[in-house]
Amino acid sequence: MLLTLGALYLFSRNSIPIETSSLLVVAILAIGFSLFPYRGPEGELDPIRFFAGFGNEALISICALVMASQGLVATGALAPIGRIVHRVWQFSPLLAMGVVIIVTAVISAFMNNTPQVVLMIPILTAVAMRSSMSPSKLLMPMTFASQIGGMGTPIGTSLNLLVIGSAASLGVERFHMFDFIAPASLAAIPGLLFLWLVAPRLLPAKQPPLGNTSPRIFDAQLHITETSPVVGKTLADAKKLTQGEMSVASVRRSEELVITPLPDVVLRAGDQLVVRDTSEQLMEYARVLGATLFSGNVRVDAEHPLTAPDQQTAELVLTPASPLRDRTLDQANFDWHYQLIPLAVHRPGEEQPLSQSTPLRDVRLGVGDVLLVQGPAEQIEALKRRSEMLVLDATSNVPLTAKAPLALGIMAGIVLIASMRIAPVAIAAICGVLVMVTTGCLKWRHATRALDSSMILLTVASLALSLALVTTGGAAFIAQVGAVLAKSLPPVAVLSGTMLFMAIMSSVISNSAAAVIGTPIAIELARQLGLAPEPFVLAVLFGVNMGFATPMADNCNLLVYSAGGYSFGDFLRVGLPLTLIMWLALTWVLPHFYPLG
């Protein structure tokens with residue numbers, strides 16, 4: 001029990017990376033039970049069982065479904081939604097918002113919601129910008145709708161599979177594809193109406209987080225005049241006058257002669273230094289060097305400002321499949337690989353860009369970080385087609401390939417096979433991924449990049465904690481305390497309290513940890529009170545999916561937190577009322593479909 005409490009403490013430490021704390025949890029449990037063997041009713045506990053989560057059916061199902069969903073993103077299989085939304089938006093923005101909410105919720109029941117949110121962010125951002133709206137009015141309601149829709153089936157979210165898998169290992173009959181879609185759908189009605197009609201009014205109009213935090217980069221020429229103090233001096237001497245900050249791409253001595261910018265090049269009157277920098281820096285270089293600043297063939301002045309032909313700025317949101325994840329820009333060789341100029345980096349929860357406090361190229365990037373870049377329009381378009389990152393700009397679009405119908409058919413096949421119980425979800429999803437790769441809908445590197453190591457390790461550690469709680473009697477002890485406190489309460493109140501407690505836990509600690517730890521406790525509580533365990537399993541499932549109140553509660557929250565420029569208070573303003581609405585609706589609906597007696 002002490003080892004389990006220590007492991008839970010590690011989970012709550014925000015200063016320790018989730019991958020590290022997850023491995024520490026498993027290691028502490030395995031080493032502790034090796035040094036102090038525990039013998040329960042079923043015999044001595046084998047410490048190797050704490051690593052069994054790597055082969056757990058729920059984890060295999062989650063990984064396979066995430067990879068299959070990535071195939072839909074890579075082929076642009078849901079691109080028609082963007083075109084439909086845009087057309088409806090021109091007719092009626094309110095009606096279009098309702099379409100977005102409903103379609104997102106329905107799709108989320110059959111597709112892992114993280115890739116879906118990844119796909120919908122650029123669609124809604126583009127629609128908002130073309131309609132002169134703020135994306136912040138749309139993105140949070142969309143992601144909350146995806147979480148509500150994901151409650152309806154076992155494959156809607158990874159949390160559902162974790163709860164169902166854990167409950168099945170504890171003797172509760174396994175839930176199948178459409179077993180609980182009816183109560184989830186009925187409870188979703190007031191929640192989706194709130195997101196459609198009320199939530200956009202509660203959210204302030206905000207610009208994307210990096211819109212004005214970093215100036216643009218310009219290519220310009222510094223024309224050395226006869227009176228310039230650097231005439232007859234070397235290029236190295238000229239750079240010293242700018243404190244070494246000026247970077248010269250080339251020295252043009254005439255139309256035909258371009259000199260490599262070596263430090264010992266002696267400058268002459270009439271030379272043109274080709275420099276790339278911000279407008280403020282270029283003006284300063286011109287002043288220090290006594291040079292005249294030109295943009296193309298036009299001298300820069302009040303009537304002729306600097307221009308950047310065919311240059312666009314864009315915001316790139318890092319997703320779990322991004323090759324930049326857990327790397328710096330230098331390590332990824334970003335400039336050469338993408339032919340774009342990085343300007344700034346913003347991280348969820350940070351008021352200022354990270355590049356203002358840390359050298360830009362030394363920032364280690366993570367999922368949800370927003371990178372502001374500048375470059376030619378064709379390079380930004382090429383980056384969109386690669387589907388490695390979310391590209392947010394005024395011309396955002398999604399990829400569309402001829403294989404999109406095939407990818408949709410494969411995903412539908414996964415759902416059909418699982419719903420007809422021809423094969424378990426894990427087998428159906430793995431086969432679906434193999435078919436996608438074989439038919440060219442998905443490349444292996446995109447499939448593997450979609451997997452989040454922190455999610456895998458967190459799931460393994462959560463399953464290990466669940467094993468420790470159950471086998472050592474910790475879950476029974478906690479349930480016994482809960483049973484004593486709830487003995488005088490009606491069964492519906494106990495069920496409702498369990499759901500609300502899980503919703504609070506999922507907002508404070510990881511929702512995956514809350515799912516796997518809360519499941520055995522809820523089942524044991526039901527058994528000690530003489531109640532059916534199935535509604536309590538669903539109470540845990542629904543509760544951990546109600547992580548609306550904080551941006552840390554869910555990966556999708558973090559994605560829109562960056563893209564929409566939200567604050568912590570914005571999530572509380574919308575998330576708390578939505579949590580109360582869903583909690584009350586599920587409290588009323590669930591006992592009608594799953595009697596407690």
Side-chain angles (χ1 to χ4, degrees), residues 101-102 105-106 108-110 144-157 159-164 166-168 170-197 418-419 421 479 482-483 485-506 514-515 518-548 577-597:
I101 295 295
I102 294 173
V106 171
S108 292
F110 306 102
F144 286 168
S146 75
Q147 294 176 48
I148 291 175
M151 295 180 184
T153 65
I155 65 172
T157 69
L159 298 174
N160 299 0
L161 287 166
L162 281 175
V163 173
I164 292 170
S166 299
L170 296 173
V172 178
E173 185 177 352
R174 182 177 293 275
F175 292 92
H176 296 284
M177 184 61 70
F178 299 113
D179 283 357
F180 51 90
I181 196 169
S185 299
L186 287 176
I189 293 173
L192 296 180
L193 286 174
F194 171 81
L195 292 175
W196 178 26
L197 301 174
S419 61
R421 305 184 189 181
L485 296 175
K487 199 168 185 180
S488 59
L489 296 175
V492 173
V494 179
L495 181 73
S496 179
T498 301
M499 193 186 314
L500 181 61
F501 179 69
M502 298 311 302
I504 295 171
M505 277 188 67
S506 69
T519 302
I521 296 175
I523 293 172
E524 189 63 33
L525 175 62
R527 287 172 176 167
Q528 293 199 18
L529 292 174
L531 303 174
E534 286 81 7
F536 280 84
V537 172
L538 291 178
V540 173
L541 186 149
F542 293 142
V544 296
N545 275 291
M546 291 193 288
F548 308 125
L578 180 60
T579 301
L580 290 174
I581 290 170
M582 293 300 299
W583 171 56
L584 292 173
L586 287 164
T587 297
W588 179 75
V589 168
L590 188 55
H592 286 79
F593 288 88
Y594 285 88
L596 293 168

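Just so we're clear, the structure is a prediction, and the values are computed from it rather than from any experiment.
- A donor-acceptor pair is defined here as one N or O able to donate and one able to accept, closer than 3.5 Å; such a pair exists between the side chain of Ser506 and the backbone of Ala503.
- In this structure, CG on Leu580 lies 8.0 Å from CG on Leu500, to the nearest 0.5 angstrom.
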(request) In sequence, state the C-alpha distance, the side-chain angles, and the governing distance for Ile164 and Arg174, and then conclude on side chain to side chain contact (heavy atoms under 4.5 Å, CB included). (result) CA-CA 6 Å; Ile164 292 170; Arg174 182 177 293 275; 3.9 Å; yes
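- One distance of note links CG of Leu586 with CZ of Phe542; it measures 5.5 Å at 0.5 Å rounding.
- Around the CZ atom of Phe501, the shell of radius 6.0 Å holds no more than 12 heavy atoms that belong to other residues, nucleotides or ligands.
- Note that the CG atom of Leu489 and the CG atom of Leu529 stand 9.5 Å from one another [nearest 0.5 Å].
- Taking CG of Leu538 as the reference point, atom CZ of Phe180 lies at 6.5 Å (rounded to 0.5 Å).
- In this structure, OG1 in Thr153 is found 14.0 Å from NE2 in His176, a value given to the nearest 0.5 Å.
- Nearest heavy atom pair, residue Pro533 against residue Ile523, reads CB-CG2, 4.3 Å.
- Across every non-hydrogen atom of Thr519 and Ala167, the tightest pair is CG2-N, 3.9 Å.
- Looking at Ile148 and Phe548, their side chains come closer than 4.5 Å, going by heavy atoms from C-beta outward.
- The closest side-chain heavy-atom distance from Leu541 to Phe175 is not below 4.5 Å.
- For Ser185 (side chain) and Ile181 (main-chain N/O), a donor-acceptor pair under 3.5 Å exists by modelled atom type.
- Asn545 is listed as a side-chain neighbour of Asn160, based on a closest heavy-atom distance under 4.5 Å.
- Here the closest non-hydrogen pair linking Ala522 and Thr498 is CB-CG2, 4.2 Å.
- Here the shortest heavy-atom pairing between Pro535 and Pro595 reads CG-O, 4.1 Å.
- Nearest approach of Pro591 to Val492, heavy atoms of both residues: CG-CG2, 4.3 Å.
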(request) Evaluate side chain to side chain contact (heavy atoms under 4.5 Å, CB included) for Glu534 paired with Val172, printing each intermediate quantity in order. (result) CA-CA 7 Å; Glu534 286 81 7; Val172 178; 4.2 Å; yes
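- Here the CZ atom belonging to Phe536 is positioned 6.0 Å from the CG atom belonging to Leu596, to the nearest 0.5 angstrom.
- Of the possible donor and acceptor atoms, none in the side chain of Trp583 sits under 3.5 Å from a partner among the backbone N and O of Met499.
- Looking at every heavy atom in both residues, Ala532 comes nearest to Ala526 through O-CB, 3.9 Å.
- In this structure, the side chains of Met177 and Ile155 come closer than 4.5 Å at one or more pairs of heavy atoms.
- Under a 3.5 Å cut-off, the side chain of Ser108 and the backbone N or O of Ser146 do form a donor-acceptor pair.
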